[in-house]
Amino acid sequence: MTFVVTDACIRCKYMDCVMVCPADCFREGEVMLVIDPDTCVDCAACWRACPAAAIEADSEPGMEGWVAFNREYAARWPMVTWKRGQAFLDADAFKEMPGKMERWFSPGAGAGDR
Ligand code: SF4
Ligand code: F3S
């Protein structure tokens, strides 16, 4: 089992999840994070910490595609293990916004740890 990040993270990217993960699972894209499904130890700490409710267990209905998405981008994006600060100052305005994948997703890599 693993937890996965969904499109609710896009343009919010609060990164509170990173600070509670005991296994360095998070990888950073330009506008969202993903979880490396092969590293996740299924502790649910990130699920509890995310202010945008963007993280789900892969056992929830409809998560198969998100597992593949997280695995694909985890292989492309750099590891991030600490919260540098608020990525988007207007993040709260994007919470629960529909259609974020179509409007705001970027395949570009984020900075990762530096
Ligand atoms: Fe990390 Fe636990 Fe979240 Fe998996 S469930 S990504 S181990 S905090
Ligand atoms: Fe995204 Fe939530 Fe983490 S918005 S960066 S999954 S705290």
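All ligand and atom numbering here is 1-based and tracks the order in the structure.
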Could you state the interatomic distance from CG (D113) to CD (E28), rounded to the nearest 0.5 Å?
8.5 Å
Count of N, O or S atoms belonging to protein, less than 2.8 Å from atom 2 (Fe) of ligand 1:
1
Minimum heavy-atom separation for S106 to W77, with atom names?
O-CZ2, 3.8 Å
L33 to K13 - nearest heavy-atom pair and separation
CD2-CE, 4.1 Å
Contact summary for Q86 and A91, nearest pair of heavy atoms
NE2-CB, 3.6 Å
Do R103 and M97 touch side chain to side chain, with heavy atoms closer than 4.5 Å?
yes
Which atoms of ligand 1 have any heavy atom of I35 under 4.0 Å away?
6 (S)
Among all protein heavy atoms in this structure, tell me which lies nearest to atom 3 (Fe) of ligand 2, with the distance rounded to 0.1 Å.
C17 SG, 2.3 Å
P51 heavy atoms within 4.0 Å reach ligand 2 at atoms 7 (S)
Residue L33 vicinity, atoms of ligand 2 by number, heavy atom under 4.0 Å
5 (S)
Euclidean distance, F88 CZ relative to I10 CD1, rounded to 0.5 Å:
10.0 Å
K83 (side chain) donor-acceptor with V18 (main chain) under 3.5 angstrom
no
Approximate separation, where rounding is to 0.5 Å, of T6 OG1 and I55 CD1
8.5 Å
Pull out every atom of ligand 2 sitting under 4.0 Å from any heavy atom of I55, numbered as shown with elements.
6 (S)
If Ile, Leu, Val, Met, Phe, Trp and Tyr residues are connected whenever their side-chain heavy atoms lie under 4.5 Å apart, and connections chain through other members, are F26 and V67 in the same group?
yes
Numbering the atoms of ligand 2 from 1, which are under 4.0 Å from a heavy atom of D16?
7 (S)
Protein residue, atom and distance nearest to atom 1 (Fe) of ligand 2, heavy-atom basis:
C9 SG, 2.4 Å
When distances are taken from atom 5 (S) of ligand 2, the protein heavy atom at minimum range is M15 N, 3.2 Å
Rounded to the nearest 0.5 Å, what separation is found between the CZ atom of R48 and the SG atom of C43?
7.0 Å
Please list the nearest protein heavy atom to atom 2 (Fe) of ligand 2 with its residue and the distance rounded to 0.1 Å.
C50 SG, 2.2 Å
Record the part of V18 in heavy-atom contact with ligand 2 below 4.0 Å; permitted values are side chain, backbone, both and neither.
neither
Residues that F105 engages under ring pair (Phe, Tyr, Trp, His ring centres under 6.0 Å), provided they are two or more places apart:
F69, Y73
